[in-house]
Amino acid sequence: MKTELLEFENKHKLLEPTSTERVATLEAISEYTENFLGNIDTLPAFVNNVSEKAPFIQSINFEEQNTLNEVLKNIRLYIDTPGINPASGGHLGYIPGGGLFYGAVGDYLACITNRYAGVRFASPGAVLLEETVLNWMANLFGYSKNYGGTLTSGGSIANLTAIATARDAINLKAKDYHKAVIYTTQYAHHCLQKSIRILGMDDVQWREIECNNLYQMNVEELEKAINKDLNNGFLPWLLVASAGTTDVGAIDPLQQLSEISKKYNLWFHVDAAYGGFFILTNKGKQLLKGIEQADSIVADPHKGLFIPYGLGAVLIKNKKLLHKTHQYLANYMQDASTEKVDLSPADLSPELSRHFRALRLWLPLKIHGEKPFENYLNEKMQLATYCYQQLSNLPDVEVFNKPELSVFAFRFLHKELPLDKYNEKIQKAVMNDGRVFISSTRLNNCYVLRIAILSFRTHLSTIETALTVLDKSKKIAEDELYQELRNN
Ligand SMILES: Cc1ncc(COP(=O)(O)O)c(C=O)c1O
């Protein structure tokens with residue numbers, strides 16, 4: 001038996017590279033990432049040649065061993081080339097991602113030491129660090145010490161966590177779901193509807209309140225809807241405001257909405273996944289006034305703080321309520337549950353074992369300090385204004401909103417061509433060009449283009465390139481559409 005066990009041990013050493021191998025691996029990785037980052041300004045923001053066949057990465061045969069060089073070559077070819085390049089400043093679509101270097105380094109450290117960030121006694125330091133970054137956020141958003149929070153993989157799970165907490169806050173049970181009412185707008189992010197479905201709450205009443213011409217919730221319409229629901233025996237439950245809609249970056253009137261939520265005893269949730277961290281800027285502080293009144297706030301560091309994908313955050317004003325939804329008891333966790341006074345992340349989130357996410361945020365903050373984040377966010381808002389001005393000066397452009405934060409929508413006009421098709425073709429032509437990437441949405445029943453500026457690598461030269469690419473794409477779209485019309 002002992003011999004057999006020693007044999008196992010020797011074989012399993014294969015999973016533990018030697019120090020020399022580790023150093024050589026890090027050198028190769030460093031060469032790879034340096035090549036990537038060193039060329040990031042010239043790498044395309046979008047590459048259209050989606051290859052159906054990527055044998056190396058599709059193979060489910062893991063019998064063979066491969067060299068790191070071979071692996072990296074294939075990662076470059078099949079993973080880091082096709083599609084959107086979220087690390088590029090030219091990514092101006094959807095909500096652009098970040099990718100701060102020290103965020104990646106934080107992950108590397110977290111993964112090597114593999115600290116267990118779920119339970120305080122298992123890794124008191126990791127838990128403290130999570131609390132530190134959450135405290136920093138709570139302070140930014142004007143929350144008091146009684147708040148509770150958790151770091152999530154992103155905005156969708158953060159919103160889900162908040163909605164589950166809001167449900168339990170009033171002990172809402174399945175038999176009453178059909179009476180409970182959610183108030184939001186058509187511009188709320190789709191993850192909220194997804195959350196409701198995942199929570200098994202499809203039966204709740206969903207009211208999309210009309211917006212004003214700035215795409216913000218109309219407060220009078222909201223109050224009317226609440227009163228109507230009360231008169232009809234419904235239970236007004238949850239008010240979901242957006243602080244930066246995905247479509248146009250609009251911020252609902254938070255202050256007024258908070259007053260309504262108090263008046264009618266609604267849970268006031270603010271989805272600030274995109275817009276939240278603009279609170280670091282003076283303009284953002286003004287725009288987000290009232291957010292401190294929210295019962296729950298979602299803000300995504302992997303958006304507004306430029307952290308690599310995989311970091312959202314939810315803050316709940318009353319920690320006890322976050323705990324109420326996520327508390328647990330299990331015999332095999334008895335060692336961990338001796339200290340319920342100082343709650344652990346696992347007591348406040350759906351997760352038990354979890355990635356030590358705090359390090360990927362704390363490290364960049366600690367190394368760069370807070371100021372560069374503020375400067376970059378100011379830059380993004382000004383770039384959006386500049387780009388908006390340049391486009392709105394063009395005679396053939398219709399703009400749909402002046403950027404409140406750093407997103408706006410517009411479309412090109414044409415005397416003869418169908419506008420939806422024309423703009424769709426422009427978007428495709430921009431993708432084919434690849435120097436920048438922009439996405440589209442629908443507003444007022446029109447297909448519109450969007451520019452969303454949030455990458456820390458987007459600067460004035462990127463916007464100038466975007467304007468050039470749009471101009472070129474317009475001509476391509478026009479030629480193609482005329483050609484199609486001739487052919488039909
Ligand atoms: C306003 C808003 N809320 C929520 C989300 C969902 O966040 P995530 O993609 O991190 O799950 C997004 C994503 O873009 C968003 O813009």
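Counting convention: from 1, in listed order, for ligands and their atoms alike. Computation of the quantities below employed the complete heavy-atom set of this structure, encompassing side-chain atoms and omitting hydrogens, waters and symmetry-equivalent molecules.
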* Note: K472-D433 ion pair, threshold 4.0 Å (strictly below) -> yes
* Looking at ligand 1, does S242 have a heavy atom less than 4.0 Å from it? -> no
* Structure fact -> re atom 11 (O) of ligand 1, the protein heavy-atom contact at minimum distance is S156 OG, 2.6 Å
* Does the distance from a Lys or Arg side-chain N to an Asp or Glu carboxylate O, for R357 and D107, drop under 4.0 Å? -> no
* Structure fact -> Atoms of ligand 1 under 4.0 Å from any heavy atom of G244, numbered from 1 in the order shown, are 1 (C)
* Heavy-atom proximity to atom 6 (C) of ligand 1, best of H190, H302, H189 -> H189
* To do: With T161 as reference, evaluate I316, L322, V298 under the side chain to side chain contact (heavy atoms under 4.5 Å, CB included) test and give the passing residue.
  => L322
* Asked: ligand 1 and A273, any nitrogen or oxygen pair closer than 3.5 angstrom?
  -> no
* To do: Number the atoms of ligand 1 from 1 as they appear, then name those within less than 4.0 Å of a heavy atom of C191, with their elements.
  => 4 (C)
* Asked: atom 14 (O) of ligand 1: which protein heavy atom is closest, and how many Å away?
  -> K303 CE, 3.2 Å
* So do I226 and D229 actually touch side chain to side chain, heavy atoms under 4.5 Å? -> no
* To do: Below 4.0 angstrom from a heavy atom of G154, which ligand 1 atoms are there? Numbered from 1 as shown, please.
  => 10 (O)
* Nitrogen or oxygen of D271 less than 3.5 angstrom from that of ligand 1 -> yes
* Asked: Side chains of E223 and Y264: is there a donor and an acceptor less than 3.5 Å apart?
  -> yes
* Proximity to ligand 1 by part of D300, non-hydrogen separation under 4.0 Å -> side chain
* Asked: For ligand 1, which atoms, with element, lie under 4.0 Å from some heavy atom of T246?
  -> 1 (C), 2 (C), 15 (C), 16 (O)
* **Distance-only side-chain donor-acceptor flag, E379 / H459, under 3.5 Å** => yes
* Asked: Taking the non-hydrogen atoms of G312, is any one of them nearer than 4.0 angstrom to ligand 1?
  -> no
* Asked: Should the pair H91 and Y94 be assigned to parallel (<30°), tilted (30 to 60°) or perpendicular (>60°) ring geometry?
  -> perpendicular
* Is the shortest side-chain N to carboxylate O distance from K179 to D176 below 4.0 Å? -> yes
